[in-house]
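One is the number of the first residue; the rest follow in order along the sequence.
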Amino acid sequence: MGAALGGMGLLGRRPAHAALGADYDVVIIGAGVAGMTAARLLSLAGPGLKVMVLEARDRVGGRLLTLHDKKVLPSHGIEVGAQVIHGSGAPTWELIKRYQLPTRSRNHLGEPARHFLDGSPVPDGATFDKLLQKVGQAMGSREGPDTSFREFVDALDLTHRERELAFSESLSWSAEPDRVSAMATVADGQLWDEWHDGDFQVVGGYSALAERMAEDIEGRIQLSSEVKDIFWRQGLVGVRYRYGGITTALTCRQLVLTVPIGVLQGGQISIQPAVPAATQRAIDSLEMGQVVVVPMLFSEPLWQEGQLPGVWKDPSGRRQFWLPHPVGQGGNGVSGWFVGAAARELSDAGPEAGMAKVLQWLEAASGRAGLADKLAWHHFQDWNRDPYTLGSYSVTRPGGHGQRAILSEPVEGTLYFAGEATAEPPHYQTVHGAYLSGKRVAAQVASALKVPFPDTVS
């Protein structure tokens with residue numbers, strides 16, 4: 001088999017009907033929510049369909065990651081990946097109901113007090129909504145091609161503080177304003193505001209969702225399997241990957257790639273021949289946002305009795321610290337969330353120097369000195385350096401608005417793409433967007449294989 005997968009020339013010499021004798025009907029690359037959703041539904045779609053999921057990590061869940069340490073952390077763990085279920089209407093409630101996972105409102109302890117890092121209060125919602133309305137009206141009357149959000153905002157009549165607040169709209173997507181499409185930021189942001197009515201936590205950790213999904217498809221997931229090469233022709237795909245320290249290979253009739261955009265663009269996986277130009281343009285229209293997450297536990301609270309802890313942030317949202325609230329509830333924890341240029345600064349510094357910088361920022365925000373001596377536990381989660389993500393989640397480059405739909409289209413009925421990057425606005429960047437893409441790609445593959453698809457997909 002290794003020789004047969006040595007290149008497209010050898011693979012191409014196999015007769016057209018050879019796909020009927022492939023090792024698997026469907027191979028799915030990636031055991032995140034999208035990949036496991038597709039695997040589960042396809043395992044129900046027609047008798048005897050052979051499905052395999054190859055996952056490079058030694059765990060399932062992808063960008064779902066809850067840290068647990070019974071000696072140090074609270075029983076519910078600490079989220080350093082996806083944080084919450086976005087919205088009461090999120091499709092992931094189907095999964096929450098199926099697995100009977102307990103949930104609670106993000107603000108179950110009350111609404112946090114919000115302050116800028118300099119101590120000044122964050123403008124109320126009405127003020128920010130008025131600014132977004134002004135930005136939206138400007139976009140509605142604008143003519144010409146798409147541009148960066150920075151170029152668009154710089155052309156508006158705004159004060160310096162208003163510009164910084166406007167930039168927080170793009171940075172909420174983890175993208176610097178000069179790296180993200182103005183049309184996507186404004187139009188998709190408006191759709192998000194219409195959709196989003198609150199956030200909810202999975203009690204016990206979001207990773208529980210991935211673990212329960214994996215139980216549903218037990219025996220169909222192979223971990224620590226890092227795909228290196230894909231050779232394909234219509235109806236037949238060869239996959240070469242590293243497993244257990246050796247290079248091995250398999251063939252399939254249909255291949256589903258759910259890896260993040262950063263991996264598709266980073267060259268870790270070679271695809272021969274190259275995907276069609278339209279598909280490549282869609283891939284190139286996106287990029288990964290930048291996020292570093294730093295949860296911390298201290299030996300004592302960072303506030304005095306009677307203070308109102310909550311959220312400290314800079315106006316653009318590049319640096320944020322979330323504090324427990326109200327006073328006396330939630331322990332001595334602080335979660336640092338850093339995006340865009342702030343995340344890159346920490347990535348470039350590395351975990352040790354980056355952690356020193358985080359503590360420096362937190363000392364300035366809290367007015368407390370010597371925090372390094374009070375730090376009992378921390379974790380430096382740099383998604384930008386993670387080789388299996390190379391960033392946080394997908395953002396739309398200037399000029400790329402509308403390209404996600406093209407990426408969701410099958411390539412010659414053989415190659416398929418899924419994952420949050422392929423979800424429609426405003427659902428990309430979310431767990432439920434990944435879930436929706438898994439459902440969509442499962443239906444596409446089942447149709448191509450001409451097998452019955454389950455009527456119920458919850």
Side-chain angles (χ1 to χ4, degrees), residues 67 69 72-74 76-80 83-84 106-125 127-128 160-161 164-165 167-168 171-172 174 199 201 290-383 392:
L67 302 182
D69 185 336
V72 180
L73 300 180
H76 54 73
I78 297 290
E79 306 288 7
V80 294
Q83 302 282 312
V84 294
R106 173 73 173 269
N107 292 340
H108 64 287
L109 294 177
E111 187 66 26
R114 303 177 191 275
H115 298 274
F116 289 134
L117 294 179
D118 62 6
S120 61
V122 173
D124 59 27
T127 300
F128 190 61
H160 175 73
R161 179 50 63 93
E164 286 294 297
L165 288 175
F167 289 156
S168 71
L171 284 153
S172 70
S174 77
D199 293 320
Q201 297 173 317
Q290 305 279 295
V291 169
V292 172
V293 186
V294 184
M296 296 163 276
L297 291 177
F298 292 91
S299 58
E300 61 184 55
L302 298 190
W303 60 90
Q304 302 297 323
E305 190 65 32
Q307 289 181 325
L308 292 174
V311 176
W312 286 317
K313 59 182 291 185
D314 57 32
S316 67
R318 291 181 178 89
R319 298 176 295 162
Q320 297 187 50
F321 294 100
W322 302 332
L323 300 181
H325 55 277
V327 173
Q329 300 187 44
N332 300 336
V334 178
S335 184
W337 181 269
F338 310 100
V339 300
R344 289 200 302 273
E345 183 178 354
L346 295 178
S347 292
D348 292 342
E352 185 175 348
M355 192 62 213
K357 190 171 292 290
V358 168
L359 290 174
Q360 178 184 346
W361 291 342
L362 184 55
E363 286 180 349
S366 66
R368 301 291 297 274
L371 291 184
D373 295 333
K374 301 178 178 66
L375 187 64
W377 175 92
H378 76 279
H379 178 84
F380 193 89
Q381 182 67 35
D382 186 353
W383 288 105
S392 53

Rounded to the nearest 0.5 Å, what separates atom [atom1] in [X] from atom [atom2] in [Y]?
X: Gln290; Y: Leu346; atom1: CD; atom2: CG; value: 11.0 Å
X: Leu165; Y: His160; atom1: CG; atom2: NE2; value: 9.5 Å
X: Lys313; Y: Phe116; atom1: NZ; atom2: CZ; value: 6.5 Å
X: Leu117; Y: Arg318; atom1: CG; atom2: CZ; value: 12.0 Å
X: Trp322; Y: Ser335; atom1: CH2; atom2: OG; value: 5.5 Å
X: Leu67; Y: Gln381; atom1: CG; atom2: CD; value: 7.0 Å

Using the side chain to side chain contact (heavy atoms under 4.5 Å, CB included) criterion, which residues pair with Val84? Sequence neighbours excluded.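 With sequence neighbours excluded, Val84 shows a side chain to side chain contact (heavy atoms under 4.5 Å, CB included) to His86, Arg106, Asp199, Gln201, given in chain and number order.
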
All side chain to side chain contact (heavy atoms under 4.5 Å, CB included) counterparts of Ser347, not counting sequence neighbours
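Checked Ser347 against side chain to side chain contact (heavy atoms under 4.5 Å, CB included); matches are Val292, Asp382, Asn384, Arg385.
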
If I compare all heavy atoms of [X] with all of [Y], which pair ends up nearest, and what's the gap?
X: Ala353; Y: Ala349; result: CB-O, 3.6 Å
X: Leu171; Y: Gly340; result: CD2-CA, 4.1 Å
X: Pro315; Y: Ser168; result: O-CB, 3.5 Å
X: Met296; Y: Gly336; result: CE-N, 4.2 Å
X: Phe380; Y: Gly350; result: CZ-O, 4.0 Å
X: Pro295; Y: Ile78; result: CB-CG2, 3.5 Å

For atom CD of Glu352, is the number of surrounding heavy atoms from other residues, nucleotides or ligands below 6.0 Å larger than 12?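 It does not: Glu352 CD has 12 such atoms or fewer within range.
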
- Could you walk me through whether Ser392 and Val339 pass side-chain contact (heavy atoms from CB on, under 4.5 Å), step by step? CA-CA 9 Å; Ser392 53; Val339 300; over 6 Å; no

Query raised in the report: Can you name the residues that form a ring pair (Phe, Tyr, Trp, His ring centres under 6.0 Å) with Trp361, not counting sequence neighbours?
Result: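 Applying ring pair (Phe, Tyr, Trp, His ring centres under 6.0 Å) to Trp361 gives Phe338.
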
Cation over ring, Arg368 on Phe298, under 6.0 Å and within 45°?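 Relative to the ring axis of Phe298, which defines the angle, Arg368 lies outside at least one limit.
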
For the backbone of Lys374 and the side chain of Glu300, can you confirm whether one donor and one acceptor N or O come within less than 3.5 Å of each other?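 No, Glu300 side chain to Lys374 backbone: no donor-acceptor pair under 3.5 Å.
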
Are Met355 and Leu375 packed together at the side-chain level, in the sense that at least one heavy-atom pair is separated by less than 4.5 angstrom?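 Met355 reaches Leu375 side chain to side chain.
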
